[in-house]
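Below is one structure; the comments refer to it alone.
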Amino acid sequence: MFDTLKMKLHQKKQYIPDIKNAPMRTQFRGLPVLNNSVCDKCGACQGVCPTGALNINPLSIDLSKCTLCGACKNICKNSAINFSSYYKLGADKKEKLIVTEEITEEIYHKRAIEVRKEIYSIFNRSIKFRQVSAGGCNGCEMELNAAGNANFDMGRFGIDFVASPRHADGIVITGPISKNMAYALEDCYKSLPEPRIVILCGACALSGGVFQEASEINREFLDKYKVDLYIPGCPVHPLTFINAVLDFIRKK
Amino acid sequence: MNYYVMKNNQRINLLDIPTIEFNTLRAQLAATNLRPVSFFGSDWGQNVKLFVVLADDEKGELLVVSSLIDKNVKEYESITKDNHQYHMFEREFYEQFNIKPLGHPWLKPVRKNQDDYEFFEMEGEETHQVAVGPIHAGVIEPGHFRFMCQGEKVYNLEIMLGYQHRGVEDLMVKKPSNQLAESICGDSVIAYNMAYSQVMEELSGMEITNKAKLIRRVALEMERTAIHIGDLGAILGDIAYQMGKEVFGVTRTLVINTMLEISGSRFGRGLITVGGVNFDIDKDLSKKIVDVLNNVKNTVEKMTRATLKSSTVMSRLEKTGVVSNEIANELNLVGMIGRSCGINLDSRFDFCDEFYKDFERKSFNATNDAYSRFRIRYKEIIESISFVKKLLKKLEGYEKEDLCVPVKNFIPNSFALSVVESWRGELVHVATTDGEGKLSRYKIKDPSFNNWYGLSMAVRNNGISDFPLCNKGFDLSYCGFDL
């Protein structure tokens with residue numbers, strides 16, 4: 001027992017105190033920074049993009065498809081494409097995920113998530129989710145698990161993953177939604193109590209990502225039900241997830 | 001015996017692979033004790049061409065042979081009857097080509113959606129079934145488990161997978177990319193991307209620089225370190241030893257954040273590309289990695305010592321979920337799980353390359369239980385950290401080399417194979433090209449493909465409450481299996 005207690009002393013404090021302004025390593029590929037004026041429309045970036053997230057006229061990146069792999073940055077001769085380490089990428093509408101030259105960190109963050117009165121009034125202190133991996137590769141799942149560890153500790157904001165949809169306010173979906181999971185996903189959704197918040201996590205869930213053309217995918221669920229929050233990334237960084245949910249349930 | 005003998009990471013001409021009559025092949029496979037590493041069919045006009053790759057681990061050789069089966073022939077005599085190691089392979093082959101192996105002992109679908117399926121049933125007083133999934137209580141991937149219990153004791157566990165099936169193998173032929181390879185199994189990003197890139201490089205006859213090879217291996221060992229540390233924490237979480245769970249959890253963060261500094265992604269996405277790597281490890285970064293890993297090693301050693309001193313931990317780990325060496329051999333368990341059951345397979349050393357050959361292969365005293373699976377992880381963390389340090393030292397000698405070489409076109413009629421030791425174990429990627437130099441078949445075998453049945457054996461005669469501990473000890477991949 002003393003050894004166990006000694007470990008506690010050895011570890012000291014591990015949590016990130018200010019999660020909203022947590023520093024991010026500069027190497028992290030987050031919000032794209034585009035420079036349309038130097039782009040010569042050669043289309044090389046479109047050729048290497050695995051998900052078709054790029055548009056060159058004018059230059060824009062759709063974060064719902066982007067896997068933040070950086071292949072476009074590496075191939076661009078004119079350095080028209082860069083990635084900043086800005087990680088608050090969540091948005092409440094799919095249109096807001098399209099990044100153009102004009103979009104800076106401030107503009108992106110300001111318009112990304114609007115606080116809805118009914119959400120704020122009910123969930124501002126606590127929100128519980130059921131997570132469903134529907135063809136997810138375990139990348140987003142591991143990062144969502146990490147969001148609950150001693151570093152990020154989202155439990156302190158009242159955000160948690162619970163074991164049953166009956167105990168949850170919403171559902172967090174990862175993966176492109178495989179045919180074999182379509183039924184279970186819908187079943188889980190129907191087991192939630194109202195208002196049934198739906199959060200999509202990761203490029204696969206948002207658009208199918210690299211699996212857009214896969215044969216065993218069935219994304220009908222998303223045509224039927226309304227999505228409340230889109231969180232891009234491949235995989236989603238824990239800070240991206242926590243900040244998106246906090247912006248969703250609390251006033252900025 | 002009629003085989004084409006090849007090495008790991010080698011391209012051979014498809015037409016050089018001997019094609020023999022099926023019954024001869026069957027007899028040939030029955031007569032050998034070499035284990036299968038790949039077994040798959042490929043469309044061949046009016047026929048299906050069946051490729052079988054066996055591993056000769058002692059010599060470090062891979063033996064390839066093929067056979068043509070007419071599409072109108074709907075059945076053949078099962079190989080599993082003689083050698084149980086083929087049981088999953090034949091089930092998969094049946095599902096993909098609808099050619100039935102006659103006399104297969106447990107011919108069920110592998111990935112097809114199954115509302116109604118067969119399972120071992122037991123009747124009697126106090127017997128009951130517990131069905132779990134596909135959606136589990138934690139944040140993990142989907143799979144369905146059916147426990148056949150009497151009281152608290154599990155007599156059989158029927159594992160049903162396929163919920164993650166996305167059609168990866170077809171997509172790999174249609175639209176291959178590094179990003180897709182990374183997303184097949186997101187916890188083994190480096191291993192999958194490395195195997196994919198090596199296969200692509202072999203198919204087009206590219207020779208990448210030593211620097212790129214070294215950086216790939218550094219990343220592979222760091223991935224192993226990170227995931228093993230996370231797993232130690234998760235195992236302790238499942239037996240409610242909270243301190244261990246949290247300390248290993250935050251220690252893993254240190255490793256993956258260092259990975260972020262190398263590649264811009266915590267799991268190393270975007271690091272490896274066909275032709276080399278995208279990011280360099282310079283002297284400063286190299287020093288930083290060594291510092292972090294020294295710190296990590298110190299914490300892991302301390303925490304493990306404290307953990308194993310705790311009698312409550314030991315009483316849960318010892319003699320829980322035992323898989324005997326005989327069963328492990330019969331099922332061809334591979335990788336870390338195989339090693340924890342006393343099977344000394346490690347493709348890093350069995351199919352040795354110029355970098356691993358200098359490293360010492362240490363023996364492991366397997367006890368086949370959950371304790372063994374805890375210790376093997378600890379051992380491999382310490383080993384991997386020392387490998388990373390040695391690889392980084394070697395990297396200094398190749399500072400001037402390029403990161404990436406230009407990509408070439410595929411050579412027609414090629415067959416290329418790559419075996420990579422992911423943190424779970426032997427990962428096999430095979431690809432073939434047609435006469436025009438286009439990809440014609442891509443086959444992946446995750447180590448989980450061998451090991452899922454081992455989990456089923458491990459929980460037999462254990463309390464059902466020990467299932468999470470066994471499951472986490474195995475920590476198998478759902479998406480790597482389902483593809």
Side-chain angles (χ1 to χ4, degrees), chain A residues 1 3-4 6-8 10-11 14 25 27-29 50-51 67-71 74 83 130-146 148-151 161 163-165 172 175-176 178-181 183-185 188 204 209-211 213-217 234-235 237, chain B residues 111-113 134-135 137-142 162-168 170-171 174-175 177-180 182-187 189 230 233 241 243-244 246-247 249-250 252-253 256-257 260-267 269-270 273 278 299 302-303 305-307 309-310 477-479 482:
Chain A
M1 192 186 78
D3 284 311
T4 306
K6 258 192 232 161
M7 276 317 286
K8 189 168 163 43
H10 173 261
Q11 287 290 298
Q14 290 282 351
R25 283 171 173 75
Q27 294 90 344
F28 179 74
R29 286 186 296 277
T51 57
T67 61
L68 304 172
C69 65
N74 295 342
F83 290 89
R130 177 79 279 263
Q131 201 273 333
V132 178
S133 166
C137 72
N138 208 14
C140 286
E141 288 80 354
M142 283 206 295
E143 289 295 53
L144 292 178
N145 273 322
N149 74 12
N151 297 117
F161 289 110
S164 165
V172 175
S178 53
K179 275 183 189 165
N180 292 351
M181 269 306 281
Y183 173 78
L185 173 63
C188 177
C204 291
V210 288
F211 296 108
E213 290 166 38
S215 54
E216 304 297 315
I217 301 295
C234 185
H237 194 281
Chain B
R111 300 174 182 118
K112 231 193 277 171
N113 192 8
I135 301 174
V139 183
I140 55 167
E141 302 167 75
Y163 296 94
Q164 297 278 70
H165 185 45
R166 298 150 291 180
V168 165
D170 291 342
L171 197 58
K174 216 163 63 179
K175 207 183 168 191
S177 71
N178 283 100
Q179 291 81 0
L180 175 61
E182 286 169 346
S183 292
I184 297 168
C185 178
D187 49 26
V189 169
Y241 184 67
M243 181 63 83
E246 296 302 344
V247 171
V250 297
R252 165 183 167 269
T253 310
I256 56 179
N257 278 349
L260 194 153
E261 290 191 31
I262 302 173
S263 71
S265 157
R266 302 219 302 168
F267 298 143
R269 282 176 191 253
T273 180
N278 282 326
T299 312
K302 270 195 180 136
M303 192 64 239
R305 227 176 292 135
T307 305
K309 265 189 192 171
S310 162
S477 175
Y478 298 76
C479 51
D482 290 345

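Computed from a prediction, not measured in an experiment: that's the story for all the values here. Here is the naming used below: chain letters follow the sequence lines, and residue numbers restart at 1 for every chain.
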What part of B:Ser310 lies closer than 4.5 angstrom to a heavy atom of chain A: side chain, backbone, both or neither?
-> neither

What distance do A:Cys137 atom SG and B:Ile184 atom CD1 have between them, rounded to the nearest 0.5 Å?
-> 10.0 Å

What part of B:Val168 lies closer than 4.5 angstrom to a heavy atom of chain A: side chain, backbone, both or neither?
-> side chain

Does B:Glu141 offer a backbone N or O that forms a donor-acceptor pair with the side chain of A:Asn138 under 3.5 Å?
-> no

Between atom SG of A:Cys234 and atom CD of B:Gln179, what is the distance when rounded to the nearest 0.5 Å?
-> 8.5 Å

Measuring heavy-atom distances to chain B, does A:Lys6 have an atom under 4.5 Å in its side chain, in its backbone, in both, or in neither?
-> neither

Under 4.5 Å heavy-atom distance to chain A, tell me which part of B:Asn257 shows up: side chain, backbone, both or neither.
-> both

Hey, could you give me the CZ/CD distance between A:Arg25 and B:Glu261, rounded to the nearest 0.5 Å?
-> 4.5 Å

In terms of heavy-atom proximity below 4.5 Å to chain B, should A:Thr4 be classed as side chain, backbone, both, or neither?
-> both

Would you say the side chain of A:Gln11 lies within less than 4.5 Å of the side chain of B:Thr299, judging by non-hydrogen atoms?
-> yes

Exam field: side chain B:Lys175 to backbone A:Pro50, donor-acceptor pair closer than 3.5 Å | yes

Chain A shares the most heavy-atom pairs under 4.5 Å, among B:Cys185, B:Gly233, B:Ser183, with B:Ser183

Give a yes or no on whether the backbone of B:Ser263 and the side-chain of A:Arg29 come within a donor-acceptor separation of less than 3.5 Å.
-> yes

Between B:Gly264, B:Ser477, B:Gly167, which residue shows the highest count of heavy-atom pairs closer than 4.5 Å to chain A?
-> B:Gly264

Chain B contact via A:Pro176 - side chain, backbone, both or neither, heavy atoms under 4.5 Å = side chain

How long is the span from the OG atom in A:Ser133 to the CD1 atom in B:Ile135, to the nearest 0.5 Å?
-> 9.5 Å

The salt bridge (Lys or Arg N to Asp or Glu O under 4.0 Å) partners of B:Arg266 (sequence neighbours excluded) come to A:Glu143

Is it the backbone or the side chain of A:Asn74 that comes under 4.5 Å from a heavy atom of chain B, or both, or neither?
-> side chain

Which pair of heavy atoms, one from A:Arg130 and one from B:Gly138, lies closest together, and at what distance?
-> NH2-O, 3.1 Å

Can you name the closest pair of heavy atoms from B:Val139 and A:Asn145 and give their distance?
-> O-ND2, 3.1 Å

Contacting region of B:Tyr478 [heavy-atom separation from chain A under 4.5 Å] | neither

With chain A, the option among B:Ala137, B:Gly270, B:Cys479 that has the most non-hydrogen atom pairs under 4.5 Å is B:Ala137

Got a second to check how far B:Leu180's CG is from A:Thr51's OG1, nearest 0.5 Å?
-> 11.5 Å

Under 4.5 Å between any side-chain heavy atoms of A:Met181 and B:Pro142, yes or no?
-> yes

Does any heavy atom of chain A fall under 4.5 Å from the side chain of B:Met243, the backbone, both, or neither of them?
-> side chain

Residue A:Phe28 versus chain B: region with a heavy atom under 4.5 Å = both

For B:Phe267, the ring pair (Phe, Tyr, Trp, His ring centres under 6.0 Å) test, sequence neighbours excluded, returns none

Backbone N/O of B:Ile140 and side chain of A:Glu141: donor-acceptor pair under 3.5 Å = no

Quick one: does B:Arg252's side chain have a donor or acceptor within less than 3.5 Å of a partner on A:Ala146's backbone?
-> no

Yes or no on salt bridge (Lys or Arg N to Asp or Glu O under 4.0 Å) for A:Glu216 and B:Arg166, after CA distance, side-chain angles and deciding distance?
-> CA-CA 5 Å; A:Glu216 304 297 315; B:Arg166 298 150 291 180; over 6 Å; no

Looking at A:Cys140, A:Pro235, A:Gly70, A:Gly175, which makes the most heavy-atom pairs under 4.5 Å with chain B?
-> A:Pro235

Report the distance from atom NZ of B:Lys302 to atom CG of A:Asp3, rounding to the nearest 0.5 Å.
-> 10.5 Å

Whatever's closer than 4.5 Å to a heavy atom in chain A on B:Thr273 counts as neither

Given that the side chain runs from C-beta out, which part of B:Asn278 has a heavy atom under 4.5 Å from chain A: side chain, backbone, both or neither?
-> side chain

Main-chain N/O of B:Lys112 paired with A:Asn180 side-chain donor or acceptor, under 3.5 Å | no

Could you tell me whether the side chain of B:Lys174 and the main chain of A:Glu213 form a donor-acceptor pair under 3.5 Å?
-> yes

